[in-house]
Amino acid sequence: MKHHLLQLLSQALDALKSEGVLPADMATEIQLERTRDRKHGDFASNLAMVLCKQARSKPRDLAEKLVAALPGSDQVSKVEIAGPGFINFYLSPGAYHSGVAQILAQGESYGRSDIGQGKTVQVEFVSANPTGPLHVGHGRGAAYGATVADLLAAVGYKVHREYYVNDAGRQMDILATSVYLRYLDLCGEELVFPSNGYKGDYVWDIGASLHRKHGDALRHSAAELFDGVPADEPDGGDKELHIDALIQRSRELLGEEHYRETFDLGLDSILENIRNDLEGFGVHYDEWFSERSLTESGAVERAIQRLQDSGHLYREKGALWFRSTDYGDEKDRVVVRENGQTTYFASDIAYHMNKLERGYERVIDVWGADHHGYVPRVKAALTALGDNADKLDVLLVQFAILYRGGEKVPMSTRSGEFVTLRELRHEVGNDAARFFYVMRKCEQHMDFDLDLAKSQSSDNPIYYIQYAHARVASVMRQMQDKGMQWDRAAGEQNLDRLSESHEDALMVSLSRYPEIVEAAALNHEPHAVAHYLRDLANELHTYYNAHQFLVDDDALRNARLNLIQATRQVLANGLQLLGVSAPDSM
RNA sequence: GCGCCCGUAGCUCAGCUGGAUAGAGUACCGCCCUCCGAAGGCGGGGGUCACAGGUUCGAAUCCUGUCGGGCGCGCCA
C-alpha cells in the first residue's frame, strides 16, 4: 500500500518536473508516513514542505500543484492538504477489504517481501567461548541475533547464520588444564585448584569422562605437576603466571597427543552443550566456524602478510603492531606477541577478511556491548586490507539484569554465580524468554522481570498476544459447536459489511504489518514487531468485547470471520518471526 | 582522564531516522460476564521528554556544553 502511494507521488513529481515547476535534475527521497491521528487520513507526506525552497513557492501552493498532478487510484478515496502543507491520503474502504483478502490468500507468507533482492548477508551471533554453558547474557544475543536473521530472511535477503567458535587460545588451554586437574583429583591426587581455573561442575563431568576412558593411565603425581610452578594468588603469587605454568606442565606431562585429546574432549562436550541449548531455544545455525581453522588454513598468516605488504605493520618492543590509529582507532594494536604467538585480534582480522572473501554483500556481527571498544580496530583492519568496512555492521547488545521478587538476581561470571540460559528457559519457558529478550531495543539496558515472564496473566505481554491468537481459534471451535459455517469466499464478497470503528481500526493495523516487518528488518529492530503484536492483540480483544462474531446473519458472520482469521494469521506470522509459538488454546 | 551507549508518567518502556494535541503497559480509582474463553474490555487522574544553549517553517528526535547512570580503554579472549 505504502509503495503504491509512493509511486503516485513520484509520478506527480515527474509531471511537475516536466512542466518546469521543479528543477528536472532534482533528486528527492519521498517521505510518506502513517498518520498518528486518523483525522489526518491514513498516510501523510511532507513533500511540499521539503521541496518548497527549490520550487520557490509556498508549501501549501506547491502541495496543491502536487495534488493536482497526482494520478487517480481506486485505492485512494480522498487527498487533502492540511496544516503547514501536509498532503494527506485517505484510503478507500476497498483498499482495506482487498488487504484482508490478501492476508487470507497469502497465509504464512503475508508480510514477507523481496526488497532484499536475494542479497547475501551473514549474521554472526552469540559466539561465546566454549569454556562453559551459555548464561542469560548470551541468551539475549541469541534471541536478538536469531530474530534479526529471520527478519532479514523474511524481507528477501539470503541469510547465513554463523557461530564463531573460539577453539584456540589461552582460555581454552585453561579449560583443558582445568579438566586435567579434575581428572587427577578423581585419580586420588590431592591438589589445590588454581584460582583462575574453571570451577564449574561441568568441568568435573568432563574430567570424569576422561577418567572413564583412560582410568589412571594419564595420572601424574600432584607434586610432579606443580614442580617449578610459581605460587597462585592466594599464596601471594600471580594467578596468571601460575595458570600459564600449569598449562605448560600439563602439556609436558600429557604429551601432545593426550593433551590434545583432553583439550578436544572439553571443547566438544561444551560445544555440544551449547548447540543443544541453542537448538532448544529455537536458534539455528548454518555454520559453526572454527577459529583454529584460520590458523591451520594459513588465513591468519596471510592476513598479517597482507597488512605487512601494504605497510600497516611495524615492530616495537619485540611485538608486531598494526597501525590502527591511521583509521581512527585510539591506539595501535599488537597482532604478533613478543613470544611469537598471534593475538586474538589477529585471528579476528583473518576471520573478517575471510567473511568478505566469501562474498557476502553485508556482514553483521552481534556483540555484547562490553566489546564496543573493539569495533574501531576491526573496521580499521578491514579498511587497511583494502576492503569496504561499511559492509560490516556491528550490533551491540546490552546486558540483561534479572529481577526476581523485585530484587536483582546477583550475577558474576567470576564467582561462578551466574544464571544459565538453560535455567532461564526452564523457569520462564522458551516463548517468554524469546519474547522478553527482543521486547526492548538492543542498545537499551534491560530489566528482565522473571516473575512477570512467568505469570500467566494479562500483565504478561506474551500471554496477552498468545491469548488473542487462541481466542480466534476458540471462536472457530465455538462456531462448529453451534452448527454454523465459515464461508471464506462469501466473507470476501461481504467485507463491505464491516463498518464498525473497531473493524476499521483492525483493518488499518493489519495493513501496517508488512511495513512493520520491513522497517524492523532493515533497522535491525525486532522490538518493533513485539510492540506491534501487542497493539494488534489489543485491537482484537477490544473488538471481541464490543461485537459478536457468531451472528445469524450469514453475510455479516462470514465477513467478520474473515477479519478475525486474517488477524489470527498476522499474529501467527509475527510470533513466528520472533520465535514464539502461536497456540490454538492455552 | 578519554571514548561509546543511555536519561520520556511512581515503575518498565515505545515514539515510525525532523512533523500535526508526547503514547502503551503496570500501579492506583470507578465500571462491564443470563452474551463467541473476564487469561478480556471501557473510563479516570498522572509529564518542565535530565538541564542549558543552538540549527529551521517545526526538535523528545539533529549539533554543542553541563549533570546523572552503564560499559570500555592489555603483547586477555
Side-chain angles (χ1 to χ4, degrees), chain A residues 31 33-37 39-40 44 46 49-50 52-53 58-59 82-86 88 129 131 166 168-172 174 240 291 316-321 329-331 333-345 347-348 368-376 396 398-399 401 403 406 439-441 443-449 452 455-461 463-464 466-468 470-479 481-482 484 512 515-516 519-520 523 525 527-528 530-532 534-535 537-538 540-551 560 564 585-586:
Chain A
Q31 287 183 44
E33 297 177 327
R34 287 278 178 177
T35 55
R36 196 172 311 186
D37 190 330
K39 280 179 293 200
H40 300 128
N46 60 359
M49 291 179 287
V50 175
C52 62
K53 267 188 197 158
K58 291 178 187 167
F86 287 105
N88 292 339
N129 281 349
T131 53
N166 296 115
R170 185 163 167 267
Q171 295 305 319
M172 288 306 297
I174 294 176
E240 307 291 349
E291 177 187 358
E316 189 177 299
K317 287 186 273 182
L320 198 57
W321 298 70
D329 197 7
E330 289 175 8
K331 48 176 295 190
R333 311 289 172 178
V334 170
V335 287
V336 182
R337 296 203 285 259
E338 196 176 358
N339 65 9
Q341 288 191 325
T342 55
T343 59
Y344 174 85
F345 178 45
S347 296
D348 233 6
D370 53 334
H371 286 75
H372 68 80
Y374 207 75
V375 179
L396 300 169
Q398 293 283 351
F399 293 127
I401 300 163
Y403 284 82
M439 202 165 55
R440 306 291 178 226
K441 270 193 302 215
E443 67 263 34
Q444 191 77 248
H445 299 260
M446 180 172 67
D447 290 336
F448 195 124
D449 186 336
L452 179 61
S455 84
Q456 309 211 347
S457 77
S458 62
D459 304 354
N460 187 346
Y463 277 91
Y464 185 84
Q466 289 179 320
Y467 178 43
R471 200 165 219 182
V472 175
S474 172
V475 169
M476 300 312 282
R477 285 192 296 269
Q478 196 62 226
M479 177 191 75
D481 291 350
K482 291 188 174 182
M484 291 173 163
R512 286 175 58 213
E515 297 158 31
I516 297 287
N523 299 324
E525 292 181 338
H527 75 277
H531 284 273
Y532 167 82
R534 214 263 155 210
D535 289 344
N538 172 249
L540 183 91
H541 289 310
T542 303
Y543 181 34
Y544 179 95
N545 274 276
H547 300 285
Q548 193 79 11
F549 307 149
L550 299 176
V551 292
R560 285 184 170 170
I564 64 168
S585 68
M586 301 174 63

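What you see is a predicted model; the values in this text were computed from it and never measured. Residue numbers start from 1 in every chain, and the chains themselves are labelled A, B, ... in the order their sequence lines are given, proteins ahead of strands.
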If you take atom types as modelled and just measure distance, does the side chain of [X] reach the base of [N] with a donor-acceptor pair under 3.5 Å?
| X | N | value |
| --- | --- | --- |
| His372(A) | G3(B) | yes |
| His445(A) | C6(B) | no |
| Asn46(A) | G19(B) | yes |

Distance, rounded to the nearest Å, where [X] contributes [atom1] and [N] contributes [atom2]:
| X | N | atom1 | atom2 | result |
| --- | --- | --- | --- | --- |
| Arg34(A) | A20(B) | CZ | P | 17 Å |
| Tyr544(A) | G41(B) | OH | P | 12 Å |
| Asp449(A) | U12(B) | CG | C1' | 9 Å |
| Asp447(A) | U26(B) | CG | P | 18 Å |
| Gln478(A) | C36(B) | CD | P | 7 Å |

Under 4.0 Å, counting only non-hydrogen atoms across every strand here, what does [X] touch: a base, just sugar-phosphate, or nothing?
| X | value |
| --- | --- |
| His541(A) | sugar-phosphate |
| Ser474(A) | base |
| Lys317(A) | base |
| Glu338(A) | base |
| His527(A) | sugar-phosphate |
| Met172(A) | nothing |
| Ala44(A) | base |
| Gln444(A) | sugar-phosphate |
| Ala319(A) | base |
| Glu33(A) | sugar-phosphate |

Identified pairing partner of C4(B), criterion: Watson-Crick or G-U wobble below 3.5 Å: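 With both distances under 3.5 Å, C4(B) matches G70(B).
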Base partner of G25(B), which must satisfy Watson-Crick or wobble distances under 3.5 Å: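 C11(B) - that is the nucleotide pairing with G25(B), both distances being under 3.5 Å.
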Report yes if a side-chain nitrogen or oxygen of Arg337(A) is closer than 4.0 Å to either non-bridging phosphate oxygen (OP1 or OP2) of A77(B); otherwise report no.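 Affirmative; the distance criterion is met.
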Examine A77(B): is either OP1 or OP2 under 4.0 Å from a nitrogen or oxygen in the side chain of Tyr374(A)? Give yes or no.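 Checking A77(B) against Tyr374(A), no side-chain N or O comes under 4.0 Å of OP1 or OP2.
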Within 45° cone and under 6.0 Å: Arg512(A) NZ/CZ vs Tyr532(A) ring: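 That pair does not qualify as a cation-pi contact.
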Need the glycosidic conformation of C49(B): syn if within 90° of 0, anti if not. Which one?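 C49(B): anti glycosidic orientation.
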Indicate syn or anti for U17(B), taking the glycosidic torsion and treating anything within 90° of 0 as syn.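 Here the answer is syn: the torsion falls within 90° of 0.
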